[in-house]
Amino acid sequence: MRKNRHRVWPGAAPAIAGLALALLPLAGRPATASEAPNAPVLSRTVLPAPAFPIAIRPDRRGYQDARGRPFVGILDTVWLGISRLTLDEFTEFVQIRRSQGYTGILVSLVDFERTRSMRGTEERPFPGSRGDADLTQPNQAYFDEARKKILAAREAGLWVGVVPAWYGWQGDAWRSNWGSDPGDTSIAETYGAYLASRFGDLDHVFWLHGGDNGPTLAENQAAGSEVRIDLTKITDAHARAIKAGAKVPQMHTYHTHRGAHARSCFPDASWMDMNAAYAAENVPAETEVEWARGDKPVMLTEGYYENRALVGLKDHHLNRQQVRGTWWHAITTGALAAANGNEIVWAVRDLHGSNVWNQPETGVHSPVASDMTLLSRVLASYPDKHWLADAGSPLVASNRGTGTSLASGLLSTDRNAAIVYFPSPRDFTLDTGELPVGATGLWVNPQTGETRARSSLSDSLSTPEGWSDSVLMIGGPG
């Protein structure tokens with residue numbers, strides 16, 4: 001095993017201050033009485049609601065709330081919730097997700113279908129229909145109701161990522177409504193200024209531009225009838241307009257197509273606060289690369305969803321463990337804000353026949369939702385820990401695996417605790433030089449919540465027999 005060496009964090013810079021000063025103490029040091037790790041204990045409660053606004057940590061590796069407390073985003077995608085849920089339904093939804101341990105949601109401010117009016121009010125966001133809907137003439141009644149829903153999420157304690165007008169993949173989308181001239185940013189600036197005036201005072205909001213698509217002509221994967229233009233300048237102008245008009249700090253990033261990341265689309269954008277990856281099954285392949293850049297915190301905007309087969313999608317049918325692993329892998333490879341979803345929940349209703357967001361077992365109370373509760377409880381077990389991914393110097397020293405089999409870990413910035421996710425059974429060894437002497441472990445089954453204590457971490461180890469995947473909690477909150 002590797003012992004007595006410094007950990008070198010990818011992308012670290014000498015100028016990083018404050019929190020980052022805790023990142024590079026000698027590894028393998030004896031623990032003093034005051035810092036000796038307690039035996040880990042699984043929290044009985046989920047992560048608490050944060051104090052808004054959410055901010056970027058001083059080391060730019062993760063997030064913290066307004067009081068400087070650690071914040072990890074466990075985010076659900078309810079893309080059509082603003083338009084297809086009534087205010088009462090939306091309030092019920094966000095309260096359920098908060099009780100389940102989620103800490104945020106992603107929504108589209110306007111429906112993906114441009115002819116869609118808001119459920120309960122029958123208001124449409126803009127005059128006109130489909131391609132001629134005018135983004136410079138927002139319907140105040142629609143956006144007033146949208147604001148009430150976004151505020152309901154704050155009342156529940158959720159961080160909200162908002163897509164201004166979804167760019168789309170193949171089919172109906174709002175691409176053509178931004179104009180036909182890639183150099184004309186007037187629509188984007190007008191709509192951006194309006195959004196800033198209407199939502200720029202909300203301290204629990206961040207902005208997720210684009211939507212399933214890159215901005216360039218080559219990346220705009222449109223159906224035959226859709227207008228295809230380069231949206232790079234338009235997106236840039238829109239984001240800058242929102243940022244300039246906001247009254248409180250609000251972060252921005254970009255939702256591109258699968259297998260790409262926000263920085264590839266806007267490498268030098270002044271408004272880009274977070275880097276965002278969009279993954280297939282192999283989440284670490286996307287998130288580890290973005291973590292290695294080191295200058296911006298990372299979020300996962302999506303992987304493949306739960307219940308794809310149930311709604312008739314023909315491929316990428318991930319089972320419960322694989323969907324659960326999407327979140328675990330994202331967070332433990334450095335995407336300390338990770339979103340994924342449920343095919344029934346994101347569409348809310350109407351898109352998939354009789355399937356609706358709150359139906360038993362497959363909707364908002366699906367098996368993966370209970371898995372997210374356990375994820376939240378594991379993180380809540382370390383209430384004061386800020387985390388770093390172990391990609392540059394892995395905690396698992398042998399048989400770590402790669403891709404979807406990767407055993408990935410988080411180490412606390414005070415070097416006192418760690419969390420390792422094992423997506424499959426294995427024998428392995430740990431690099432105990434990365435941990436305080438005397439650290440102990442607790443195995444947690446991420447599906448059932450069953451725990452098994454482990455008093456020593458210095459020997460050859462095995463994941464618990466009979467578990468499909470497992471989590472090793474190391475050290476305590478001291």
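Just so it is clear, the structure is predicted and the values come from calculations on it, not from any experiment.
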Participant: Is there a side-chain contact between R452 and W467, using heavy atoms and a 4.5 Å cut-off?
Facilitator: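 They are in contact (side-chain heavy atoms under 4.5 Å apart), so the answer is yes.
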Participant: Under 3.5 Å, side chain of R377 to main-chain N/O of L42, donor-acceptor pair present?
Facilitator: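 Here the side-chain-to-backbone pair does not exist.
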Participant: Taking Q322 for its side chain and N319 for its backbone only, find out whether a donor-acceptor pair lies under 3.5 Å.
Facilitator: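 Answer holds: yes.
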Participant: Give a yes or no on whether the backbone of G101 and the side-chain of T373 come within a donor-acceptor separation of less than 3.5 Å.
Facilitator: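 Side chain of T373 to backbone of G101: no pair is present.
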Participant: So, taking the atom named CG in N399 and the one named CZ in F422, what distance separates them when rounded to the nearest 0.5 Å?
Facilitator: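 Spacing of CG (N399) from CZ (F422) equals 9.0 Å.
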Participant: Measuring only between side-chain heavy atoms, which start at C-beta, is V205 closer than 4.5 Å to F199?
Facilitator: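 V205 does not reach F199 side chain to side chain.
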Participant: Between T103 (side chain only) and V72 (backbone N and O only), is there a donor and an acceptor less than 3.5 Å apart?
Facilitator: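 Yes: the side chain of T103 pairs with the backbone of V72.
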Participant: Going by atom types alone, do S462 and D427 pair a side-chain donor with an acceptor below 3.5 Å?
Facilitator: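 Per modelled atom types, S462 and D427 side chains form a pair under 3.5 Å.
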Participant: CD1/I74 to CD1/I331 distance, rounded to the nearest 0.5 angstrom?
Facilitator: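 Those atoms lie 5.0 Å apart.
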Participant: Ignoring hydrogens and angles, state whether a donor on the side chain of R97 or Q100 is under 3.5 Å from an acceptor on the partner side chain.
Facilitator: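 There is such a pair (donor and acceptor under 3.5 Å, judged by atom type) between the side chains of R97 and Q100.
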Participant: Between H329 and Y421, does the ring centre distance come in under 6.0 Å?
Facilitator: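 Yes, the ring centres sit under 6.0 Å apart.
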Participant: Is there a donor-acceptor contact under 3.5 Å from the side chain of T301 to the main chain of A277?
Facilitator: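 Answer holds: yes.
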Participant: Regarding R57 and D59, does a basic nitrogen lie under 4.0 Å from an acidic carboxylate oxygen?
Facilitator: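 Salt bridge: yes.
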Participant: Donor-acceptor check, side chain of R308 to backbone of L313, threshold 3.5 angstrom: yes or no?
Facilitator: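 No, because the side chain of R308 does not come within donor-acceptor range (under 3.5 Å) of the backbone of L313.
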Participant: Are L106 and W79 close enough that some pair of their side-chain heavy atoms sits under 4.5 Å apart?
Facilitator: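 Yes, at least one pair of side-chain atoms sits under 4.5 Å.
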Participant: Test side-chain contact (heavy atoms from CB on, under 4.5 Å) on M299 and M251; report intermediate values, then the result.
Facilitator: CA-CA 12 Å; M299 74 172 297; M251 289 190 278; over 6 Å; no
Participant: Stepwise, does the side-chain contact (heavy atoms from CB on, under 4.5 Å) test hold for L430 with I474?
Facilitator: CA-CA 11 Å; L430 284 177; I474 300 172; 4.0 Å; yes
Participant: Under 30°, 30 to 60°, or over 60°: which ring-plane class applies to W387 and Y382, parallel, tilted or perpendicular?
Facilitator: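 W387 and Y382: perpendicular rings.
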Participant: Could you go step by step and tell me if R320 and V368 meet the side-chain contact (heavy atoms from CB on, under 4.5 Å) rule?
Facilitator: CA-CA 6 Å; R320 175 180 177 179; V368 170; 4.1 Å; yes
Participant: What's the separation between atom CG in L406 and atom OG in S424, rounded to the nearest 0.5 Å?
Facilitator: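 Here the rounded value is 9.5 Å.
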Participant: Taking K296 for its side chain and N275 for its backbone only, find out whether a donor-acceptor pair lies under 3.5 Å.
Facilitator: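 The answer is no, because no donor-acceptor pair under 3.5 Å joins these two groups.
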Participant: When you measure from the side chain of R454 to the backbone of W443, do you find a donor-acceptor pair of N or O atoms at a distance under 3.5 Å?
Facilitator: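 Pair absent, no side-chain N/O of R454 close to backbone of W443.
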Participant: Evaluate the side-chain contact (heavy atoms from CB on, under 4.5 Å) criterion for residues T256 and F266: first the C-alpha distance (whole Å), next the side-chain angles of each, then the deciding distance (0.1 Å), finally the verdict.
Facilitator: CA-CA 10 Å; T256 186; F266 295 95; over 6 Å; no
Participant: Identify the heavy atoms of E288 and A391 that sit nearest to each other, and give their distance.
Facilitator: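 So the minimum-distance heavy-atom pair works out to OE2-CB, 3.5 Å.
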Participant: What are the two closest non-hydrogen atoms of R60 and D273, and how far apart are they?
Facilitator: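 So the two residues come closest at NH2-O, 4.3 Å.
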Participant: Could you label the plane-to-plane angle of the F93 and F90 rings as parallel, tilted or perpendicular, counting under 30° as parallel and over 60° as perpendicular?
Facilitator: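 Because their plane-to-plane angle lies in the 30° to 60° range, the rings of F93 and F90 count as tilted.
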Participant: So with a 6.0 Å cut-off around CD of E155, is the heavy-atom count from everything else above 12?
Facilitator: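 Open: at most 12 neighbouring heavy atoms sit under 6.0 Å from CD of E155.
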Participant: Any non-hydrogen side-chain atom of I419 less than 4.5 Å from a side-chain atom of L379?
Facilitator: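 Contact flag for I419/L379 side chains = yes.
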Participant: Quick one: does L202's side chain get under 4.5 Å of Q250's, heavy atoms only?
Facilitator: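 Yes, side chains in contact.
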Participant: Can you name the nearest heavy-atom pair linking S366 to E306, along with the distance?
Facilitator: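 That closest heavy-atom pairing would be OG-OE1, 2.9 Å.
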Participant: Just by modelled atom types, is the L87 backbone N or O under 3.5 Å from a matching donor or acceptor in the T91 side chain?
Facilitator: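 Confirmed, T91 side chain pairs with L87 backbone.
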Participant: Using modelled atom types only, decide if a donor and an acceptor are shared between the side chain of H255 and the backbone of D212 within a distance under 3.5 Å.
Facilitator: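 Yes; judged by distance alone, with no hydrogens or angles, the pair exists.
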Participant: How many angstroms lie between OG in S264 and CD in E290, if you round to the nearest 0.5 Å?
Facilitator: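 Going from the OG atom of S264 to the CD atom of E290 covers 7.5 Å.
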Participant: On a heavy-atom basis, which atom in A338 and which in W327 lie closest, and how many Å separate them?
Facilitator: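 Heavy atoms only, the tightest pair is O-NE1, 3.1 Å.
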Participant: Using the side chain to side chain donor-acceptor pair (under 3.5 Å) rule, pick out the option among T332, T333, T287, D390 that qualifies with S408.
Facilitator: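 Running side chain to side chain donor-acceptor pair (under 3.5 Å) over T332, T333, T287, D390 with S408 returns exactly one hit, T332.
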Participant: Hey, are the side chains of P423 and W328 touching, using non-hydrogen atoms and a 4.5 Å cut-off?
Facilitator: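 Not touching, per the 4.5 Å side-chain cut-off.
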Participant: Measure across H209 and A239 and return the closest heavy-atom pair with its distance rounded to 0.1 Å.
Facilitator: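 Minimum heavy-atom separation between H209 and A239: NE2-CB, 3.5 Å.
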Participant: Report yes if some heavy atom in the side chain of W174 is under 4.5 Å from a heavy atom in the side chain of V110; otherwise report no.
Facilitator: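 In short, these two side chains touch, coming nearer than 4.5 Å.
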Participant: For a quick test of reading the model, state the closest non-hydrogen atom pair linking E89 to L85 and the distance between them.
Facilitator: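 Shortest heavy-atom contact: OE1-CA, 3.4 Å.
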Participant: Could you tell me the separation between the CG atom of N340 and the CD atom of E302, rounded to the nearest 0.5 Å?
Facilitator: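 Rounded to the nearest 0.5 Å, the CG-CD separation comes out at 7.0 Å.
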Participant: Find the distance between OG1 (T429) and CG (L395) and round it off to the nearest 0.5 Å.
Facilitator: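 Result: 11.5 Å between the selected atoms.
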Participant: Does the side chain of Y304 reach to within under 4.5 Å of the side chain of E281, using non-hydrogen atoms?
Facilitator: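 In contact.
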Participant: Are K385 and D414 within salt-bridge range, i.e. N to O under 4.0 Å?
Facilitator: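 Yes, charged N to carboxylate O under 4.0 Å.
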